[in-house]
Enquirer: 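Structure below; questions to follow.
Values reported hereafter were calculated over all heavy atoms of this structure, with side chains retained and with hydrogens, waters and symmetry mates removed. Just so it is clear: chains get the letters A, B, ... in the order the sequence lines come, proteins before strands, and each one is counted from 1.
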2 protein chains.
Amino acid sequence: MGSTKLNIHDTENNYLAKVAKVFSHPARVAIIKYISCCESGCICNDIVKEIGLAQPTISQHLSEIKKIGLLNQSASGKSLSYSINTEKLNACRRLMNDFFVKIQVHASA
Amino acid sequence: MGSTKLNIHDTENNYLAKVAKVFSHPARVAIIKYISCCESGCICNDIVKEIGLAQPTISQHLSEIKKIGLLNQSASGKSLSYSINTEKLNACRRLMNDFFVKIQVHASA
DNA sequence: AAGCCATATCGTAATATTGCAATATTACTA
DNA sequence: TAGTAATATTGCAATATTACGATATGGCTT
């Protein structure tokens, strides 16, 4: 008991929930915003300074965001540089928006 | 320790995370879809039969969805009838979409 | 009023998430 | 190659979430 019963739901619903979960924590929202604002990539260490959480915590959140493929990562000297994978972001935007639109259409029928 | 540090994030990020959280569980996604498909309101008991989770679990999920104002509720005989608050749904859609668009624009700049 | 049906709430067990200190790893630099 | 800076991983404590049985509540029906 206690864990989400993924098996009783269809793949589509599970995936939408998985994507939404990435945006369901304010630190991750802030991290994504911050990365998007950095011209030509964002140094990981700067995120730690910006957000106000400990380095391991940021690292953990970054890995959650990476799991759905939303980040490009590249080495930049001894640091890592992150940037938004805009294609994936667009896919997320469409996924969520299509969901809302579908609900709206059905609800208004 | 352990709990989300809401106070270090701004209201906007906290609210977006709160909204996204509603859609971050497949059962809630399924419930919202199901309600939207029912012509003129959806009997709560039918949701229980449809989704395959126990009645108290559905009730709990419904209350999470209600918390952001996404549901209209009305008595219908001895049952409750739920329907989607389409205005609120639209607001959620815009909130998420504007967020994605803003990220996209910044990331591509 | 007694019984029944639908929903909510309570209590609790199982699991997941959040956050951080300590430590490991990786990569540059002197 | 030793030292250092940046990031990841590990381990763990605190809290939150998910799920459900038991029970309470509220409204029909007879």
Side-chain angles (χ1 to χ4, degrees), chain A residues 1-9 13-14 17-31 34-35 38 41-68 71-83, chain B residues 1-9 13-14 17-31 34-35 38 41-68 71-83:
Chain A
M1 221 190 0
S3 73
T4 295
K5 286 185 161 182
L6 291 169
N7 59 306
I8 69 168
H9 306 293
N13 290 357
N14 283 334
K18 189 177 167 184
V19 167
K21 188 172 251 175
V22 170
F23 305 100
S24 76
H25 194 288
R28 288 193 289 270
V29 173
I31 290 170
Y34 183 69
I35 292 177
C38 296
C42 164
I43 301 304
C44 175
N45 209 11
D46 292 345
I47 306 175
V48 175
K49 284 174 199 150
E50 174 71 15
I51 309 288
L53 289 166
Q55 178 267 323
T57 307
I58 297 293
S59 187
Q60 211 169 277
H61 281 307
L62 280 170
S63 103
E64 292 299 314
I65 302 170
K66 272 188 265 182
K67 266 185 198 161
I68 60 161
L71 295 182
N72 302 316
Q73 178 177 332
S74 63
S76 160
K78 54 188 157 187
S79 315
L80 284 179
S81 177
Y82 288 111
S83 65
Chain B
M1 217 188 8
S3 73
T4 296
K5 286 185 161 181
L6 292 170
N7 59 307
I8 69 168
H9 306 292
N13 290 356
N14 284 334
K18 189 177 167 185
V19 168
K21 188 172 253 177
V22 171
F23 305 100
S24 76
H25 193 288
R28 287 193 290 269
V29 173
I31 290 170
Y34 183 69
I35 292 177
C38 296
C42 164
I43 300 304
C44 175
N45 207 12
D46 293 344
I47 306 174
V48 175
K49 284 173 200 154
E50 173 72 14
I51 308 288
L53 289 166
Q55 179 267 320
T57 308
I58 297 293
S59 188
Q60 210 169 275
H61 282 307
L62 280 170
S63 103
E64 292 299 313
I65 303 170
K66 272 187 265 181
K67 267 184 197 162
I68 60 161
L71 295 182
N72 302 316
Q73 181 178 331
S74 63
S76 159
K78 55 187 157 188
S79 315
L80 284 179
S81 176
Y82 288 110
S83 64

Enquirer: Write out a two-atom table: protein N or O, nucleotide N or O from nucleotides 23-28 of chain C, distance below 3.5 Å.
Expert:
none

Enquirer: For A:Gly2 and B:Thr4, find the nucleotide of DNA chain C closest to each by heavy atoms; which residue's nucleotide sits nearer the 5' end?
Expert: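 Nearer the 5' end of the strand: A:Gly2.
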Enquirer: Within a strict 4.5 Å, meaning less than it, do heavy atoms of the A:Leu53 and A:Val48 side chains meet?
Expert: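 A:Leu53 vs A:Val48: side chains apart.
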Enquirer: From C-beta outward on A:Ser3, which listed nucleotide comes closest to its side chain: D:dA8, D:dT9, C:dT15?
Expert: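 Nearest to the side-chain atoms of A:Ser3, counting from C-beta on, is C:dT15.
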Enquirer: If I take atom CZ in residue A:Arg28 and atom P in nucleotide C:dG19, what distance separates them, rounded to the nearest angstrom?
Expert: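 To the nearest whole Å, that distance equals 9 Å.
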Enquirer: Please state how far atom CG in A:Asn7 lies from atom P in D:dT18, giving the value in whole angstrom units.
Expert: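 Rounding to the nearest Å, CG of A:Asn7 and P of D:dT18 are 16 Å apart.
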Enquirer: So if I take every side-chain heavy atom of A:Lys66 and compare against D:dA6, D:dA8, C:dG19, which nucleotide ends up nearest?
Expert: D:dA8
Enquirer: So do A:Lys66 and A:Tyr82 actually touch side chain to side chain, heavy atoms under 4.5 Å?
Expert: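 The answer is yes; the side chains approach within 4.5 Å.
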Enquirer: Closest to the A:Tyr82 side chain: D:dT7, D:dT18, C:dT17?
Expert: D:dT7
Enquirer: Does B:Ile43 reach a base, just sugar-phosphate, or nothing at all? Heavy atoms under 4.0 Å.
Expert: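 B:Ile43: backbone/sugar contact only, no base atoms under 4.0 Å.
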Enquirer: Is the distance from OP1 or OP2 of D:dA19 to the nearest side-chain N or O of B:Thr57 less than 4.0 Å?
Expert: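 So the side chain of B:Thr57 is outside the cut-off, no N or O lying under 4.0 Å from OP1 or OP2 of D:dA19.
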Enquirer: Select base, sugar-phosphate, or nothing to describe what B:Leu53 touches, counting heavy atoms under 4.0 Å on all strands.
Expert: sugar-phosphate
Enquirer: Which nucleotide in the list C:dA8, C:dG19, D:dC20 gets nearest to the side chain of A:Gln60?
Expert: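 Closest of the options to the side chain of A:Gln60: C:dG19.
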Enquirer: In this structure, how many angstroms lie between the P atom of C:dT7 and the CD1 atom of B:Ile51, rounded?
Expert: 14 Å
Enquirer: Side-chain contact test, heavy atoms from C-beta onward, threshold under 4.5 Å: evaluate it for B:Pro26 versus A:Thr4 and give yes or no.
Expert: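 Yes - at least one pair of side-chain heavy atoms lies under 4.5 Å apart.
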Enquirer: Name the nucleic acid region contacted by B:Ser79, choosing base, sugar-phosphate or nothing; use a 4.0 angstrom heavy-atom cut-off, strictly under.
Expert: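 Result for B:Ser79 = sugar-phosphate.
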Enquirer: Donor-acceptor pair, A:Arg28 side chain versus A:His61 backbone, under 3.5 Å?
Expert: no
Enquirer: Would you say that A:Ser79 contacts A:Asn45 through its side chain, given a criterion of any heavy-atom pair below 4.5 Å between the two side chains?
Expert: no
Enquirer: Grab the CD-P distance between A:Glu64 and C:dT17 for me, whole Å please.
Expert: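 About 7 Å, once rounded to whole Å.
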Enquirer: In terms of the nearest nucleotide of DNA chain D, which residue is placed more toward the 5' end: A:Pro56 or B:His25?
Expert: A:Pro56
Enquirer: Output the single nucleotide from C:dT7, C:dT18, D:dT7 whose closest atom is nearest the side chain of B:Leu80.
Expert: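 Output: C:dT7.
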Enquirer: Which nucleotide, D:dA8, C:dA16, C:dT7, lies nearest any side-chain atom of B:Asn45?
Expert: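 That would be C:dT7.
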Enquirer: Does a side-chain N or O of A:His61 approach OP1 or OP2 of C:dT17 to a distance below 4.0 Å, or not?
Expert: no
Enquirer: Report the residue (A:His9 or A:Cys44) whose heavy-atom-nearest nucleotide on DNA chain D is the more 5′ of the two.
Expert: A:Cys44
Enquirer: A:Leu71 has an atom CG; how far is it from atom C1' of D:dA8, in whole Å?
Expert: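 Whole-Å distance recorded here is 15 Å.
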Enquirer: Between D:dA19 atom P and B:Ile47 atom CD1, what is the distance in whole Å?
Expert: 15 Å
Enquirer: Does B:Lys5 place a side-chain N or O at less than 4.0 Å from the phosphate oxygens OP1/OP2 of C:dC20?
Expert: yes
Enquirer: Using a 4.5 Å cut-off on heavy atoms from C-beta on, say whether the side chain of B:Asp46 contacts that of B:Tyr34.
Expert: yes
Enquirer: Could you label the plane-to-plane angle of the A:His9 and B:His25 rings as parallel, tilted or perpendicular, counting under 30° as parallel and over 60° as perpendicular?
Expert: perpendicular
Enquirer: Under a 4.5 Å cut-off applied to non-hydrogen side-chain atoms, are A:Leu62 and A:Cys44 in contact?
Expert: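 In short, these two side chains touch, coming nearer than 4.5 Å.
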Enquirer: Quick one: A:Lys67 NZ to D:dA8 P, roughly how many Å, whole number?
Expert: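 Distance check: A:Lys67 NZ to D:dA8 P gives 13 Å.
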Enquirer: Rounded to the Å, how far apart are B:Ile8 CD1 and C:dG19 P?
Expert: 7 Å
